[in-house]
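Here the structure is laid out as structure tokens; the discussion comes afterwards.
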Amino acid sequence: MDILAALNLAQREAVESIEGPVLILAGPGSGKTRVITHRVAYLVKVCGVAPHHIMAVTFTNKAAREMKERLEQLLGQMAAALTLGTFHAICARILRHEGGAVGLESNFVIYDDDDQLRLMKQTMEELNLDAKQYAPQAIRSAIGSAKSRLISPENYGQWVGSYFEEIVQRVYQRYEQLLRQGVAVDFDDLLMRTVQLFRDHPKILHRYQSKYVHILVDEFQDTNIAQYELMKQLAGKYRNLCVVGDPDQSIYSWRFADLRNILSFEKDYPEAKVVFLEQNYRSTRTILEVASDVISTNVLRKPKKLWTENEDGAPIMVIESYSAEEEAQSVANEIEKLIGQEQISLKDCAVMYRVNAQSRALEETFLRYGVPYKLVGGTRFYQRQEIKDIVAYLRLIHNPQDNISLTRIINVPGRGIGQKTISLLRSWARDHDTSLFEALKQMGRNVTAGEAKQSLSARIVQALAGFDALMIKLTNQSCESSFSGLLDEILERTGYRAFILGKDDGEERWENVMELRSVASEYDALAPEEALTAFLEKVSLVSDIDELDEKADAVTLITLHQAKGLEFAAVFIVGMEEGMLPHRKSFDDPEQMEEERRLCYVGITRARKHLYLLRTYRRNLFGGSTANPPSRFLRDISPHLISPRGLWEDSPTPVASLDFSQSLGPSLRHSSTLTLKVGDHVRHVRFGPGIVMNCSPTRDDQELTVVFEEFGVKKLLASLAPLERIDKDLDFSS
């Protein structure tokens, strides 16, 4: 009963509903992680289910780590027997043991985004496809979409309906051949090949079905077809499948998440029990009302009423600026005010935006004013060049067939092996249907290798032989030394330290390498081969959010997509404009527009106490300047929930004057727009007195350049700026 004591009635119902399928519809901040962990503890301690019969699956390493820590508190040592992890990590584990049944060796490597793109470009080069005409990223995305729908290269032809799809089919087939040749898989393969394994080998499936009596899936609204089919397979015997999710937080269709999985769960499992978690423990009543106003317009959802026992809290702030730079300054000023008045820290604040490019103005402003920040989605630690280099050596030791890793480090540090030699290696490997490393051995060991070898100089042959000998020594060392010792051997034998320190930013890069060594030392307790496999798997499955340092006292800059699963005392959502949020790509697609609305909802519900929604009159982005109307999502918010003032007491545009009930275009226009000319004296409610220096007509408006007595030069739109003409001579001499 102690397990149930801290739960509300709905949470208790979700925990105690043990038999058969269960759908838990959990609103943001409703304690779903607590429900999942207490449900697992209830199964073990109250129902007597052995921990090794339970699987709990989520989407991020961060969520899996938090789940594991909570279960260790609830179950102690018994938690070690549970199967916990992300979809990809659990599938990788299964394939390490069972992959031989589908022709996959246990030492396979997992290609990350960068590796996949490199292989995609190589595939297109082999097929003589122009990367300028057919974007590698677009083709990779199309192949990822096919894999998420469990469509193999052999079956893809049935779906071809355009010339682009014919190109995708050709690339897909060769891309898969190169993956298999390199004993490698990409992220989508981890799911697809596990489903294939269970589909083609019923005995193996039956073994796993018998093992996992209870299966729990978090963030079910984010599953794709492959993930849904996988869970359906595993739960096929006992049907004890408990899924937790919220259709209103489904924001990953671009990753091929399929909202229908959660919306149609009751059709596939008609006996399913449905439990609603609607009590919110995170946000103020005001923030929840704002969130409900924004999301209520959507059709593809399961309606629920969020409520909380928290205080009403302060009204939200809708802040308007004239440019992205002023928008960023507004954020910095308000953060400073919050820290001074509310006793919150920098790490309690987050600035969220729709696209990564919006971070530029924020970063520049924060640097200028000395505001510490951490950028999520920048160059991740494991994506840094020096880290990728060292990891490539480790991957090649682990799997000599890994062509991508070999091409990355065959000439790093420099050995005089250029692209011409690599092309010859590829040609020989393709003709003999083997790996690049095997081709290198043949040529480097002075074994007859046909015309390819004859075209190589003695110096190149010697360089290839030297690299072959180096990898043999390192591979032998990997079986004898600790994992950190192996890393030391790589750094020593390759001369990588001198190579790195010879660069302009060498000291910083070397510090990164030493940080990698610190991580490596954590694996020294494992057997050498086990340590190498475990480390490489971890590195391959790390995501942006996994590297977020939550302890650092700095403002978090993060996209709305990456923010799901996080919470902050104060949230600033910038770019609340048509074309930004909602993004312009959604204008002609009702389903995409609903997802944009869900994205806004997710951002709003990250806030505990303070919420700021910001927009600019004019924004320079993607090489152009636009003046977009305010986001339609602002129009949906009840006026009484919005603060009657702007960011400052002398805000340029008090929010109370905004009329979002009218059409989007003129919603911010003043009822009587002034027509001004050069030399006119004006007064602005925030900037004070000034003089018009330039007037440029733009459509049915004027773009004004005004010199203000205290604030200097500002560019304003006449229809938007709260200006009045005055009869006063100004003296700017001071």
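Within 6.0 Å of CG in Asp588 there are 12 or fewer heavy atoms belonging to other residues, nucleotides or ligands. Atom CD of Glu336 has 12 or fewer heavy atoms from other residues, nucleotides or ligands within 6.0 Å. More than 12 heavy atoms of other residues, nucleotides or ligands sit less than 6.0 Å from atom CG of Asp130.
Ion pairing between a basic and an acidic side chain is recognised when a charged N comes within 4.0 Å of a carboxylate O; Glu325 and Arg360 show such pairing. Salt bridge annotation for Asp114-Arg118: present, with a cationic side-chain nitrogen under 4.0 angstrom from a carboxylate oxygen. Ion pairing between a basic and an acidic side chain is recognised when a charged N comes within 4.0 Å of a carboxylate O; Asp258 and Arg260 show such pairing. Salt-bridge annotation for Glu334 and Lys337: present, with a side-chain N of the basic residue lying under 4.0 Å from a carboxylate O of the acidic one. A salt bridge does not link Glu567 with Arg606: every distance from a Lys NZ or Arg NE/NH1/NH2 to an Asp or Glu carboxylate oxygen is 4.0 Å or more. Ionic pairing of Glu596 and Arg354 is present here: one or more N-O contacts between side-chain nitrogen and carboxylate oxygen are shorter than 4.0 angstrom. Taking 4.0 Å as the cut-off between side-chain N and carboxylate O, Arg615 and Glu320 count as a salt-bridged pair. Between Asp186 and Lys147 a salt bridge is recorded (basic side-chain N to carboxylate O distance below 4.0 Å).
The CD atom of Glu176 lies 9.5 Å from the CG atom of Leu178; values are rounded to the nearest 0.5 Å. Atom CE of Met192 and atom CD1 of Ile225 lie 12.0 Å apart (nearest 0.5 Å). The structure places CG of Asp248 at 4.5 Å from CD1 of Ile295, a figure rounded to the nearest 0.5 Å. Between Ile404 atom CD1 and Gln122 atom CD the span is 5.5 Å, to the nearest 0.5 Å. Rounding to the nearest 0.5 Å gives a distance of 9.0 Å between CG of Leu346 and CZ of Phe366. For the atom pair Gln358 CD and Leu557 CG, the distance stands at 11.5 Å (nearest 0.5 Å).
Between Gly144 and Asp188, the shortest heavy-atom distance links the atoms CA-OD2, 3.4 Å. The shortest heavy-atom contact between Val171 and Thr123 is O-CG2, 3.7 Å. Between Thr86 and Val57, the closest heavy-atom pair is C-CG1, 4.0 Å. Taking all atoms of both residues into account, the shortest heavy-atom contact from Arg598 to Pro247 is CD-O, 3.1 Å. Here the closest non-hydrogen pair linking Ile90 and Leu84 is CD1-C, 4.3 Å. Taking each heavy atom of Leu288 and Ser283 in turn, the nearest pair found is CD2-CB, 4.0 Å.
A heavy-atom distance below 4.5 Å is found between the side chains of Leu230 and Cys91. In this structure the side chain of Thr284 never reaches within 4.5 angstrom of the side chain of Arg608, judged on heavy atoms. Inter-residue side-chain proximity for Leu300 and Glu591 is flagged as met; some heavy-atom pair is nearer than 4.5 Å. Counting heavy atoms from C-beta on, the side chains of Ser631 and Met580 never come closer than 4.5 Å. Side-chain contact between Leu611 and Met317 is absent, with no heavy atoms from C-beta onward closer than 4.5 Å. Looking at Met352 and Val571, their side chains come closer than 4.5 Å, going by heavy atoms from C-beta outward. Using a 4.5 Å heavy-atom cutoff, the side chains of Val318 and Ser643 are not in contact. Side-chain contact between Leu614 and Tyr612: present, with at least one pair of heavy atoms (C-beta onward) separated by less than 4.5 Å.
The main-chain N or O of Val244 is never found under 3.5 Å from a side-chain atom of Lys32 such that the two would form a donor-acceptor pair. Of the possible donor and acceptor atoms, one in the side chain of Glu578 sits under 3.5 Å from a partner among the backbone N and O of Arg632. Side-chain atoms of Asn298 come within 3.5 Å of backbone N or O of Glu594 as a donor-acceptor pair. Using modelled atom types, no side-chain atom of Asn333 and backbone atom of Ser330 make a donor-acceptor pair closer than 3.5 Å. A donor-acceptor contact shorter than 3.5 Å links the side chain of Asp402 to the backbone of Ser405. Put simply, the side chain of Glu577 gets close to the backbone of Thr616: a donor and an acceptor are under 3.5 Å apart. Here the side chain of Ser292 pairs no donor or acceptor atom with the backbone of Glu289 at under 3.5 angstrom. At least one donor-acceptor pair closer than 3.5 Å links the side chain of Arg149 to the backbone N or O of Ser145.
Aromatic rings from Phe59 and Phe87 are positioned such that their centres are separated by under 6.0 Å. Proximity of the aromatic rings of Phe499 and Tyr496 is defined here by a centroid distance below 6.0 angstrom, and this criterion is met.
The aromatic rings of Tyr156 and Tyr172 sit perpendicular, their planes meeting at an angle over 60°, well past the 30° parallel limit.
A donor and an acceptor atom, one from each side chain of Gln329 and Thr365, are nowhere located under 3.5 Å apart. Between the side chains of Ser345 and Asp348, at least one donor N or O lies within less than 3.5 Å of an accepting N or O. A donor and an acceptor atom, one from each side chain of Thr559 and Gln562, are located under 3.5 Å apart.
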* Verdict with reasoning, Glu595 to Ser253, per side chain to side chain donor-acceptor pair (under 3.5 Å) -> CA-CA 8 Å; Glu595 181 155 326; Ser253 66; 2.9 Å; yes
* Going through the checks in order, is the side-chain contact (heavy atoms from CB on, under 4.5 Å) test met by His561 and Leu599? -> CA-CA 7 Å; His561 281 102; Leu599 192 58; 3.6 Å; yes
* Could you check Asn224 against Tyr252 for side chain to side chain donor-acceptor pair (under 3.5 Å), going step by step and ending with a plain yes or no? => CA-CA 10 Å; Asn224 60 30; Tyr252 296 122; over 6 Å; no
* In sequence, state the C-alpha distance, the side-chain angles, and the governing distance for Asn512 and Glu386, and then conclude on side chain to side chain donor-acceptor pair (under 3.5 Å). => CA-CA 8 Å; Asn512 291 332; Glu386 57 275 14; 2.7 Å; yes
* Passes side-chain contact (heavy atoms from CB on, under 4.5 Å), Ile139 versus Tyr134? Steps please. -> CA-CA 7 Å; Ile139 295 179; Tyr134 307 104; 3.8 Å; yes
* To do: Test salt bridge (charged side-chain N to carboxylate O under 4.0 Å, His left out) on Lys564 and Asp246 and set out the steps.
  => CA-CA 12 Å; Lys564 192 154 77 71; Asp246 181 6; over 6 Å; no
* Verdict with reasoning, Asp189 to Tyr111, per side chain to side chain donor-acceptor pair (under 3.5 Å) -> CA-CA 10 Å; Asp189 281 328; Tyr111 281 175; over 6 Å; no
* Asked: Would Leu190 and Leu541 count as a side-chain contact (heavy atoms from CB on, under 4.5 Å) if you check the C-alpha gap in whole Å, the side-chain angles of each, and the deciding distance to 0.1 Å?
  -> CA-CA 11 Å; Leu190 291 171; Leu541 299 177; 4.2 Å; yes
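Annotation: cation-pi pair Arg584/Phe587 absent, no NZ/CZ under 6.0 Å from the ring centroid and within 45° of its normal.
With respect to Asp112, the salt bridge (Lys or Arg N to Asp or Glu O under 4.0 Å) criterion is satisfied by exactly one of Lys538, Lys388, Arg395: Lys388.
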